[in-house]
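This report refers to the structure that appears directly beneath it.
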Number of protein chains: 4
Amino acid sequence: MTPEFKYRKHKFDEGEPLSPWREKIHEVIFEADTFAGKTFDVALIITIFLSVLAVMLDSVQVISVQYGSMLFAAEWAFTILFTIEYILRLISVRKPMLYAKSFYGVVDLLSILPTYLTLIIVDAKYFLVIRILRVLRIFRIFKLANYMGEASMMMNALRNSRAKISVFLYTVLMSVVVFGSLVYVIEGPENGFSSIPKSVYWAIVTLTTVGYGDISPQTPVGQFLASCIMILGYGLIAVPTGIYSAEITREAMKKKDVTNNACPSCAYEGHDKDAEFCKKCGAKL
Amino acid sequence: MTPEFKYRKHKFDEGEPLSPWREKIHEVIFEADTFAGKTFDVALIITIFLSVLAVMLDSVQVISVQYGSMLFAAEWAFTILFTIEYILRLISVRKPMLYAKSFYGVVDLLSILPTYLTLIIVDAKYFLVIRILRVLRIFRIFKLANYMGEASMMMNALRNSRAKISVFLYTVLMSVVVFGSLVYVIEGPENGFSSIPKSVYWAIVTLTTVGYGDISPQTPVGQFLASCIMILGYGLIAVPTGIYSAEITREAMKKKDVTNNACPSCAYEGHDKDAEFCKKCGAKL
Amino acid sequence: MTPEFKYRKHKFDEGEPLSPWREKIHEVIFEADTFAGKTFDVALIITIFLSVLAVMLDSVQVISVQYGSMLFAAEWAFTILFTIEYILRLISVRKPMLYAKSFYGVVDLLSILPTYLTLIIVDAKYFLVIRILRVLRIFRIFKLANYMGEASMMMNALRNSRAKISVFLYTVLMSVVVFGSLVYVIEGPENGFSSIPKSVYWAIVTLTTVGYGDISPQTPVGQFLASCIMILGYGLIAVPTGIYSAEITREAMKKKDVTNNACPSCAYEGHDKDAEFCKKCGAKL
Amino acid sequence: MTPEFKYRKHKFDEGEPLSPWREKIHEVIFEADTFAGKTFDVALIITIFLSVLAVMLDSVQVISVQYGSMLFAAEWAFTILFTIEYILRLISVRKPMLYAKSFYGVVDLLSILPTYLTLIIVDAKYFLVIRILRVLRIFRIFKLANYMGEASMMMNALRNSRAKISVFLYTVLMSVVVFGSLVYVIEGPENGFSSIPKSVYWAIVTLTTVGYGDISPQTPVGQFLASCIMILGYGLIAVPTGIYSAEITREAMKKKDVTNNACPSCAYEGHDKDAEFCKKCGAKL
């Protein structure tokens, strides 16, 4: 790659340079280094918490009946606030489409859309539950000092042990299918094991040591088989734990710092401390 | 061992050399290096998943009544496909008997046999459940790149900690026998603890922290004993986890690569990268 | 800071030097090096255990009816003993207010206050439960030889992995909110999932593998979702365990000794072996 | 210590030297190096398993009614066999009293006593359950090759982390007392939380993630508190696991071999490979 090509590429990636006031908005909304940026983050988290709480309380019959109009007003207040925030985010990045199609961009949109849709669709009770996804927005909390590095280290450890965890998960799934079918034959529909899928569900409930007790084996042979599944599940838990422990110990040794600033062009986060260009779109940081 | 003896041994082990078209079939079915091999593996996994799904859905009354004939047709389609595959496997290895008697050979046969038996035996409802063992065939998924080494490393760690895990398992089994008997004396048949085996079953349910709640202690002394078992079980989980963590950390340090090609003679898998001869039958790889 | 200032500061911090008999009381009550100190600690622990047992038994109807007056007498005996101890503690430290406002100072006061309040307030049944906080006083047991260093090492490991555990906890909380809302939509009030908060409660019961079974999914889709939550919870347990294992291994390498003597001025405990001045109030140890 | 004193001490400790035939019995019964010793061990384990099975089956009403006389005969056969074995053990050690008062000596006696007592005491149904302690005798299995070292390493790891585990256990116990009392106040007797001890029992069931569901919180506040206990319990499991993992990793590095021969004088087991004298009684090995 020639220097010239690189130069052109960066120019292309950076899009139009932001005007000073959009630069300022970007700093407040996307970054956490300045006082204004930190204050905005904390205020946002509190607002999100309150809006999620409102959605949850709205689903409780006694509260909904008594404080219905208050919750309705609060909901519209939150929606308008989040809409303004969404528009500001679109304005303050150089490539709005890249942000709009990113994970957080979609979550931000899903947080406000359902409320507006109630104006069109009449019976949207269950539809409104989508607003609960607002809770995902709080993951931005990890942008705040200290958490970024830890979270990315934990994710790295998970990513590195992905293959081992897949092997483990498949073994678990296969075991519950075989054990579930076996218990279906032994106990049969008369003891609540009415089909193989339901028996597999029971096997999962047992192997993971949850144990609802809504279905439980009644025959001695079924109880013996259940005992085997329980002890297997009790011992098997050692496998993912062992894998992850080994991985996180290794990760802990080579942990490196990550900044918590977003790219001014595409809003991608998680750049290394010594990075000078965005690793997603190549814009200058 | 003289070179001559080695030579003769290998000649004996390799059996008849495969003709080119059988060689080609072997490559597609048993190996995962070529494009055809990978495609075959993926197609097989999807087919197995669908056939297992069909067996599971068939056991659900409402589905079985409505879509019975469709599931019946699908079942025969899967069975014929798997039969062709089984025959091709027999043809393309140099020693068909060795394959037929191996673990996967038996599973492959059990996957097709029950359907044919329904032609002879009339009421074979529960018998058909054997087909669920098809799910075991998917373990071949680990032949696909990356998984082989991880899986064998996890198995090694389990094998190395076998002695420790036996000691742990025996301690658990002994504890549930002693605690189960004790609770049988304390609670007695009037509270659901009708016999020692049933009380031992309850002790397993409690120690492994499953806790169905189908039987639970009613007297204060019984509840105190149950509390002790729970805390024991809660703490004891640390033992297998500690053992396995230590082992997998050690394994991780000396992990070595394993190829995912099967022996052309006996279909044994899991050879080291530098292996030149099959470690099971001595045939040249 | 000039030496003079330091001198004055210490003089200020140390308050009035204790008279010999108060010095003696301090040694017995706050320290565990002498025979008298150890004896006092053991006697105190036994008394606390008995007093907690009395509070617990008092809540059992059948015992309360039969042995009510005995338990009433015991309660007053314990209260008077603890009151004397509390006064002695106040007398034998140089800065009584610092002790009174410390964690243990508050717990010590809460241990005796409720009983006196019953003389004023008539119906104080539930109020008396506060006395159960006496159990917290036993944490002073860790002052006894050997436990101090271990406990502080375990706390250090927790403190160092605080950021990682926060990330983990938030992920868990967010998962249960999303999954709870989802199951609320799928199962609905007719299957016991009457509101989002209740569904989130169910999701916590399931994810942590507790599994009461008071609410459990009835529809196939709900049971499938429940299976996913269970397997997630079963695997997720590996995360805090891995974090803490890695941390405690690191801690174990750099463990340093801590003395079990309290500061003669403010009663703060947990000073390093080589400490010459209290790190809380600057008094000479 | 002068050599002379050592000499006299050993002479005293070794007691009377065993005559050749008692020496031979000792070798067969207490050691596992010779063929006869191994055969005896395996035969003993099988006999113990069968006798425990007989005790368990005897408690099942339907089996007891039908095969009562057969089980009665088997029980006496086992008792007589174990009595002979017990006498042989007494004969073949130099200090019978030391063996009789050891842990295994007491277990061996408790395995045979109850059956003889049924000749004197008429209604000894529950008394017979003591025979289940025979299961403890199988711990001798660990004398068999390989297991000894592993078991002692696991025990060492437990012993070394004793202080940490005590701190952890006390924290757990204190938490359940405080949480149990709190839930007793919140939920009250009308929701099944009839007394503090019962509420503490519920808190243990919840914290250890057992979750019977026989008692479960009904009020929103109670369910919120329960959620906190569950998440605490879910995370707290990391503590003993972390402690034990760190310890077993350290143990694994310095593991040393232990022989599986018993001392000819006092039957103490677990001597180091290079030990020449018994570390319990000083007799020559």
Side-chain angles (χ1 to χ4, degrees), chain A residues 161-168 170-171 173-175 177-178 180-182 184-186 188-189 194-200 205-218 220 223-224 226-239 241-247 249-250, chain B residues 52 55-64 126-127 129-133 135-136 138-139 141-142 146-147 149-151 153-154 157-158 165 168-169 172-173 176 197-198 200-201 204-205 207-214 233 236-237 239-252:
Chain A
S161 46
R162 202 181 35 201
K164 286 198 209 72
I165 285 172
S166 301
V167 171
F168 169 72
Y170 185 70
T171 311
L173 287 179
M174 207 216 47
S175 303
V177 168
V178 171
S181 307
L182 212 56
Y184 166 69
V185 174
I186 293 169
S194 55
S195 67
I196 296 185
K198 195 159 198 180
S199 304
V200 169
V205 168
T206 303
L207 190 93
T208 58
T209 76
V210 171
Y212 282 138
D214 50 351
I215 323 166
S216 66
Q218 304 300 324
Q223 292 180 342
F224 177 75
S227 302
C228 296
I229 303 176
M230 286 171 213
I231 290 173
L232 181 70
Y234 185 65
L236 222 55
I237 191 74
V239 175
T241 309
I243 292 166
Y244 196 72
S245 290
E247 204 58 53
T249 311
R250 206 198 304 173
Chain B
V52 168
V55 174
M56 289 176 76
L57 291 179
D58 195 34
S59 76
V60 183
Q61 197 115 39
V62 282
I63 294 175
S64 164
Y126 286 134
F127 192 68
V129 172
I130 292 174
R131 294 172 308 175
I132 211 89
L133 289 177
V135 88
L136 292 173
I138 304 189
F139 263 114
I141 204 176
F142 299 142
N146 296 325
Y147 292 94
E150 305 286 357
M153 182 181 135
M154 285 161 75
L158 272 184
I165 285 172
F168 169 72
L169 265 187
V172 165
L173 287 179
V176 293
K198 194 158 198 178
V200 169
Y201 163 71
I204 294 174
V205 168
L207 190 93
T208 58
T209 76
V210 170
Y212 282 137
D214 50 350
L236 222 56
I237 191 74
V239 175
T241 308
I243 294 166
Y244 195 72
S245 289
E247 204 57 54
I248 212 146
T249 312
R250 205 195 307 174
E251 272 304 309

Interatomic distance, CG@L236(A) vs CG@L158(B), rounded to 0.5 Å, equals 8.5 Å

Separation of D214(B) CG from I215(A) CD1 (nearest 0.5 Å): 12.0 Å

Test item: Y234(A) side-chain N/O and G233(B) main-chain N/O as donor-acceptor pair under 3.5 Å: yes

For the backbone of S227(A) and the side chain of Y201(B), can you confirm whether one donor and one acceptor N or O come within less than 3.5 Å of each other? no

Contact origin within V200(B) toward chain A - heavy atom pairs under 4.5 Å: neither

Would you say that Q223(A) contacts I204(B) through its side chain, given a criterion of any heavy-atom pair below 4.5 Å between the two side chains? no

Given that the side chain runs from C-beta out, which part of L207(A) has a heavy atom under 4.5 Å from chain B: side chain, backbone, both or neither? neither

Please state whether the side chain, the backbone, both or neither of V239(A) comes within less than 4.5 Å of a heavy atom of chain B. both

Max heavy-atom pairs within cutoff under 4.5 Å with chain B, candidates P220(A), S181(A), S161(A), S245(A), goes to S181(A)

I need the I237(B) CD1 to T209(A) OG1 distance, nearest 0.5 Å. 7.5 Å

Looking at I248(B) and G242(A), what are the two nearest heavy atoms and their distance? CG2-O, 3.2 Å

In the structure I gave you, are the side-chain heavy atoms of V135(B) and L173(A) within less than 4.5 Å of one another anywhere? no

Pairs of heavy atoms under 4.5 Å with chain B: top-ranked of I231(A), V210(A), L182(A): I231(A)

Looking at I196(A), is its backbone amide N or carbonyl O close enough to the side chain of S59(B) to form a donor-acceptor pair, meaning the two atoms are under 3.5 Å apart? yes

Please look at I63(B) and chain A and tell me whether the side chain, the backbone, both or neither of the residue comes under 4.5 angstrom of a heavy atom of that chain. neither

Are Y184(A) and M56(B) packed together at the side-chain level, in the sense that at least one heavy-atom pair is separated by less than 4.5 angstrom? no

